[in-house]
Amino acid sequence: MANRFFERGDQRAAKVHDLFSRIARRYDLINDLQSFGLHRRWKQRVIELARPQAGQWALDLCCGTGDLALGLAKRGVRVVGLDFSAPMLEVAEQRSSGLRIEAPHPLAHATRNTHLAPAPPDFVRSDAQRLPFADNSFDIVTVGYGLRNLASWATGLSEMQRVAKPGGRLVVLDFGKPDNALWRGLYFGYLRLFVPCLGRVFCGSASAYAYILESLRHYPAQQGVDARIREMGFVNVRVLNLLGGAMSINFGEKQKQGTA
């Protein structure tokens, strides 16, 4: 049976926007429930891989309610969180207003460079496939559970590469496809049967969370993203499989100019 929130082609963006508008207020709660709280640990791993340093600039695409953007900001990084869903950004802004930033980096006081002082993220509503930023703008570019939702995930990766500085880190967190057939079957069964029940109970729509499995079926997951990142010329590329590949992190660094 077709999922009401999934459609390939020109209508993909409108369908996804409708989905996230519906679930924005319950998004964080259901993430906690469906992952048993583990998504917080996985997002912390993304931040560690990004190697944030005070004064650097980070872009978090499809930022949703702001978990990654807020986590990076706490490390003293200047963060732009981008999403095309206004209701999701409203939640992110609310969370940002109550954010406690860690103490400023020592260099901020020693050198009086205010750009080193931590600041809350700036949230922007825009399209991840047509980023409103100049080339080579960010030291870190992340996306958590968003690349799979784009009409063209490959276009999203290309835009991430374009706005990353040479040497910049690209980190992608998303649902994966386990290599082990038995585990993959159990995991897909969980996404097909249990997760939609959470959607029905907490959002009034089973389809809203049945969407996860439907979108994953049409997404190349960690191996396809890994192959594409390598084709694009990234270096130090690797895949981190979590929960036996049920979740995954793709990592790569944009090649510095003058290297091959």
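Owing to the predicted nature of the structure, the values given are computational and were not obtained by experimental measurement.
- Proximity of a side-chain donor or acceptor of Ser248 to a complementary backbone N or O of Gly245 within less than 3.5 Å is not detected.
- A perpendicular orientation is assigned to the rings of Phe138 and Trp57, their planes being inclined by more than 60° (bins at 30° and 60°).
- Under the 4.5 Å side-chain contact rule for hydrophobic residues, Leu182 and Leu242 do not share a cluster.
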Check: For Asn31 and Tyr27, what are the C-alpha separation, side-chain angles and deciding distance, and is it a side chain to side chain contact (heavy atoms under 4.5 Å, CB included)?
Finding: CA-CA 6 Å; Asn31 275 353; Tyr27 182 78; 3.1 Å; yes
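- Leu38 has its side chain out of reach of Met247: every pair of non-hydrogen atoms, C-beta onward, lies at least 4.5 Å apart.
- Judged by distance alone, the side chains of Asp60 and Thr142 do bring a donor and an acceptor atom under 3.5 Å apart.
- In plain terms, the two heavy atoms of Lys254 and Arg162 that are nearest each other are NZ-O, 3.6 Å.
- A salt bridge links Arg95 with Asp67; the closest basic N to acidic carboxylate O contact falls under 4.0 Å.
- Minimum interatomic distance between Gly176 and Gln222 (heavy atoms only, all atoms of both residues): CA-OE1, 3.2 Å.
- A single hydrophobic cluster is not seen to contain both Phe175 and Leu186; linkage of ILVMFWY side chains at heavy-atom distances under 4.5 Å, directly or through other members, places them apart.
- Side-chain contact between Asp83 and Phe123 is absent, with no heavy atoms from C-beta onward closer than 4.5 Å.
- At a threshold of 4.5 Å between non-hydrogen side-chain atoms, the residues Arg25 and Pro87 do not count as touching.
- Between Glu48 and Arg75, no side-chain nitrogen of the basic residue sits less than 4.0 Å from a carboxylate oxygen of the acidic one, so the salt-bridge criterion is not met.
- Residues Leu193 and Leu191 are members of separate hydrophobic clusters, defined by side-chain heavy-atom contacts under 4.5 angstrom among Ile, Leu, Val, Met, Phe, Trp and Tyr.
- With respect to Cys63, the side-chain contact (heavy atoms from CB on, under 4.5 Å) criterion is satisfied by exactly one of Leu68, Leu89, Leu82, Val143: Leu89.
- Residues Val239 and Leu157 do not share a hydrophobic cluster, defined by chaining ILVMFWY side chains whose heavy atoms lie under 4.5 Å apart.
- How far CG of Leu173 is from NE2 of His39: 10.5 Å, rounded to the nearest 0.5 Å.
- Smallest separation of non-hydrogen atoms from Ile140 and Pro52: CD1-CA, 3.7 Å.
- One hydrophobic cluster, built from ILVMFWY side chains closer than 4.5 Å, cannot hold both Val235 and Leu240; they sit in different ones.
- Remark: Arg26 CZ is loosely packed, at most 12 non-hydrogen atoms of other residues, nucleotides or ligands lying under 6.0 Å away.
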Note to self: Quick one, Ile212 with Gln34, criterion side chain to side chain contact (heavy atoms under 4.5 Å, CB included). Give me CA distance, side-chain angles, the key distance, then yes/no.
What the structure shows: CA-CA 11 Å; Ile212 293 174; Gln34 73 175 357; 3.6 Å; yes
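- Taken from CZ in Arg130 to CZ in Phe84, the straight-line distance is 11.0 Å, to the nearest 0.5 Å.
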Checklist line | Glu231 vs Arg228, side chain to side chain contact (heavy atoms under 4.5 Å, CB included): CA-CA, chis, key distance, verdict | finding: CA-CA 5 Å; Glu231 290 174 1; Arg228 180 59 181 156; 3.4 Å; yes
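- Panel note: side chain Ser158, backbone Ala154; a donor-acceptor pair is recorded below 3.5 Å.
- Taking CG of Asp139 as the reference point, atom CG of Leu72 lies at 11.0 Å (rounded to 0.5 Å).
- Smallest separation of non-hydrogen atoms from Pro178 and Trp183: CB-CD1, 3.5 Å.
- The closest side-chain heavy-atom distance from Tyr187 to Leu243 is not below 4.5 Å.
- Applying the salt bridge (charged side-chain N to carboxylate O under 4.0 Å, His left out) test to residues at least two apart or on different chains, the pairs with a partner in residues 173-186 are Arg148-Asp174.
- Asp18 has no carboxylate O lying under 4.0 Å from a charged side-chain N of Arg22, or vice versa, which leaves the two without a salt bridge.
- Taking CG of Asn136 as the reference point, atom CD of Gln161 lies at 9.5 Å (rounded to 0.5 Å).
- Within 6.0 Å of atom CZ in Arg200, 12 or fewer heavy atoms from other residues, nucleotides or ligands are found, so the atom counts as exposed in its surroundings.
- Once rounded to the nearest 0.5 Å, the distance linking CG of Leu59 with CZ of Phe133 reads 5.5 Å.
- Contact record, Val91 with Ala24: CG2-O, 4.1 Å, taken as the closest heavy-atom pair.
- Atom CZ of Arg40 and atom NZ of Lys43 lie 7.5 Å apart (nearest 0.5 Å).
- In this structure, the side chains of Ile23 and Phe202 stay at 4.5 Å or more apart for every pair of heavy atoms.
- Considering all non-hydrogen atoms of both residues, Arg169 and Leu49 come closest at CG-O, 4.4 Å.
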Notebook entry, point to check: Going through the checks in order, is the side chain to side chain contact (heavy atoms under 4.5 Å, CB included) test met by Leu150 and Thr155?
Noted result: CA-CA 9 Å; Leu150 300 181; Thr155 299; over 6 Å; no
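- In this structure the side chain of Arg51 reaches within 4.5 angstrom of the side chain of Glu253, judged on heavy atoms.
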